[in-house]
Amino acid sequence: MKIGLFICTIIFFVSCKKNNASTNNCDENAPTQRVIVNKKATITLLNGEYFIVEENTIDTKLSPCNLPLAFKNPGLNVIVSGSVKQGISSISPCCTNAFIISNIYF
């Protein structure tokens, strides 16, 4: 029983890691899923990675491809515009969509 649980856990983390790698490649040529224009958001830090969480969303975490160093501040409220790229998406932080920022400010 413990071996089965251990194997399932390993498979989960390996598959999640694979999804994360494909999302974080930030392929600018990937199809755009949606465009965000001047949306309020908050910068978050989870497991050593920065995410952008849009205001009034619970499970939407965007993995910024080009987050400037000045904005790497957890809890920072920003206004952001950019392109959400198609890819694997789920409520798990490891599987969020890549986000190419076109404009970000306080």
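Here, residue 1 is the first one in the sequence, and each next residue gets the next number.
Applying the side chain to side chain contact (heavy atoms under 4.5 Å, CB included) rule to L45 yields the partners Y50, P74; only residues at least two apart in sequence or on another chain are considered. Residues meeting the side-chain hydrogen bond (donor to acceptor under 3.5 Å, both in side chains) test with E55, sequence neighbours left out: none.
The CZ atom of F51 lies 4.5 Å from the OG1 atom of T96; values are rounded to the nearest 0.5 Å. With rounding to the nearest 0.5 angstrom, the CZ atom of R34 is 8.0 Å from the CZ atom of F99. Rounded to the nearest 0.5 Å, atoms CD (Q33) and OG (S83) are 11.0 Å apart. Between the CD1 atom of I36 and the CG atom of N103 there is a distance of 12.5 Å, given to the nearest 0.5 Å.
Annotation for T32 and Q86: closest pair C-CG, 4.4 Å, computed over non-hydrogen atoms. The nearest pair of heavy atoms linking A41 to E54 is CB-CA, 4.1 Å. Between C65 and A98, the closest heavy-atom pair is SG-CB, 3.9 Å.
Under the 4.5 Å side-chain contact rule for hydrophobic residues, V84 and V53 do not share a cluster.
A heavy-atom distance below 4.5 Å is not found between the side chains of I52 and K61. Within the 4.5 Å cutoff, the side chain of K72 has heavy atoms near those of the L67 side chain.
Membership of the apolar cluster around I79 extends to Y105, as traced through chained side-chain contacts below 4.5 Å between ILVMFWY residues. Under the 4.5 angstrom side-chain criterion for Ile, Leu, Val, Met, Phe, Trp and Tyr, the cluster partners of V37 are V35.
Within the structure, side chain to side chain donor-acceptor pair (under 3.5 Å) contacts touching residues 35-44 (residues at least two apart or in different chains) are N38-S81, T42-N77.
The backbone N or O of I100 lies less than 3.5 Å from no partner atom in the side chain of N66, so there is not a single donor-acceptor pair.
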